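Everything quoted here is computed from the prediction, not taken from an experiment.
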Amino acid sequence: MHPIIIIGNGIAGVTAAREIRKLDSEVPILMISGETDHHFSRTALMYIFMGHMKYENTKPYEDFFWSKNRIDLLRGWVKTIDHKSNQIVMANGEKLDYKELVLAVGSTPNKFGWPGQDLPGAQGLYSKQDLDNLEESAKTAKRAVITGGGLIGIEMAEMLLTRGIPVTFLVREKLFWGSVLPKEEAVMIEKHVREHHCDLRMGEELDSIHEGENGRVAYVTTKKGERIDCEIVGLTAGVRPNTLWLSGNEELEMDRGIMIDHYFQTNLPNVWSVGDCAQFTDPLPGRRPLEQVWYTGKMHGAHLAQNLVGERKAYDPGIWWNSAKFFDIEYQTYGIVMPQPMEGEETFFWQAAEGYHTIRINFDADTLIVKGVNVFGMRHRHQVWEHWLATKAEMPEVMANLVAANFDPEFFKRHEQSIVESWNREYPEHQVTLNTTIKKGLFSKLLRSLQPSS
Ligand SMILES: Cc1cc2nc3c(=O)[nH]c(=O)nc-3n(C[C@H](O)[C@H](O)[C@H](O)COP(=O)(O)OP(=O)(O)OC[C@H]3O[C@@H](n4cnc5c(N)ncnc54)[C@H](O)[C@@H]3O)c2cc1C
């Protein structure tokens, strides 16, 4: 019997298992997954397809790590949970007892009931199986249609284009990733996507997917009535918590995800949930109820372990941040930047005359305190922005010390002078001089000030 069973070997489940083991060297732990024998980095799926990495290289731990750390692994699908008898039931009928159960079952691609959505050739990009299916379809595909303009859609477009498969990209919204990006950034990304010879269609929607004589996808029709011949249809209109298989468990409180408190506890005794599938009943200020990114999954897992076998502690994720890549443009965000400034906020936006480099900083219109930043085409240090956001730094301080945030590789063109000149033009009453001399000193000072005082 395993007192702790974790369903899911993604980043959330794996971090929970590792951190539990660090805190308790004895307690037997079982981690179950239907997807793969071992944990791998989902974020690297695209690099396997593009030949930059092999699947083996995406496993952060050697296969012997698990037995060495006495974390037992079971490959298989869990069919249901029976919380009254503290048991889970596997698809093969086997029953396993638990004392504490962790649901770390991740997400699944959205499907909105499109006719033909389950035909071979139509697929999301989430699992290792999805990658294998795409690999198979790509062997003979002459064109692909991708629907849904977000981060996974753009990854899939890049993947297929590297194999010489032309891509038509249908995005229902008027602006690319418009629920997250402000207009200027969205328009810049659209331009960049088109430059990569991707047939991007904004404001166009998939209507239905049609079968060919071989029983596979042959063409799609759009809502405007156009027919597009294709052998692959990428269904990348977002993901949702992978909870359908739990629908028989009526007593488990669920909304879009599995409802949890700030200790990752569900409404059922001894049942916990972390990662993409977990939804906070009472989200922290400025945070969303669902946090479906890698680093939050890791944080969830670590906090849960603490609550299960250590001192009980409420979740405190610190500032929100995220990073991604749109073909060649790197993107980072720290703090909160909504597509439109929130009430009482102002936005400072700078864009390079050439190339794809932008920065947007939102700040309080009265106090000038920074609220969040979007950076495209430049690399900004997490610790520096975390410091500015945590210490409620004001815009003149940030502008004057902007050099400290940048960690672009050597010989990359620096834009801070131009950014500050633009700030000085727009806000002459808050003019600053760019501090170019104490880059390293300032950075280490900032870092030192982030150390917890002892
Ligand atoms: C292509 C792609 C690119 C991404 N890129 C980024 C990125 O750049 N940055 C970022 O922050 N995030 C990125 N993400 C999101 C990030 O990968 C997820 O937020 C994270 O992997 C979720 O981790 P998790 O542990 O919650 O769940 P998952 O990684 O989904 O793990 C859950 C596991 O549980 C298994 N499982 C589910 N149900 C059962 C069951 N009933 N029985 C047995 N096993 C079950 C699943 O098969 C899966 O293996 C990306 C996601 C994708 C798909």
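If you look at Trp66 and His39, their ring centroids are not closer than 6.0 Å. Proximity of the aromatic rings of Tyr356 and Phe376 is defined here by a centroid distance below 6.0 angstrom, and this criterion is not met. A centroid separation of 6.0 Å or more is found between the aromatic rings of Tyr315 and Tyr263. Proximity of the aromatic rings of Phe49 and Tyr55 is defined here by a centroid distance below 6.0 angstrom, and this criterion is not met. Taking the ring centroids of Trp114 and Phe112, they lie under the 6.0 Å cut-off.
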Mind running side-chain contact (heavy atoms from CB on, under 4.5 Å) on Glu346 and Asn362 for me, showing each step along the way?
CA-CA 6 Å; Glu346 267 190 52; Asn362 284 5; over 6 Å; no

His303 and Asp316: CA distance, side-chain angles, deciding distance, side chain to side chain donor-acceptor pair (under 3.5 Å) verdict
CA-CA 9 Å; His303 270 85; Asp316 174 13; over 6 Å; no

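Between Glu155 and Lys325 there is no salt bridge, since no side-chain N of the basic residue sits under 4.0 Å from a carboxylate O of the acidic one.
When the side-chain contact (heavy atoms from CB on, under 4.5 Å) test is applied to Thr140, no partner is found at least two apart in sequence or on another chain. Not counting sequence neighbours, the partners of Thr266 by the side-chain contact (heavy atoms from CB on, under 4.5 Å) test are Leu252, Ile258, Ile260, Leu268, Val271, Ser273.
For the pair Arg18 and Tyr61, the cation does not sit on the ring face, since its NZ or CZ is not both under 6.0 Å from the ring centre and inside 45° of the axis.
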Sequence neighbours excluded and cut-off under 3.5 Å, please list the side-chain donor-acceptor pairs for residues 334-343, or say none.
unit_1: Tyr334; atom_1: OH; unit_2: Gln332; atom_2: NE2; d: 2.8
unit_1: Tyr334; atom_1: OH; unit_2: His380; atom_2: O; d: 2.9

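Of the residues Leu134, Asn133, Val167, the one that meets the side-chain contact (heavy atoms from CB on, under 4.5 Å) test with Ile232 is Leu134.
Ile361 CD1 to Met399 CE: the interatomic distance, rounded to the nearest 0.5 Å, is 3.5 Å.
In this structure, Thr168 and Cys230 have side chains that are not in contact, with every pair of non-hydrogen atoms separated by 4.5 Å or more.
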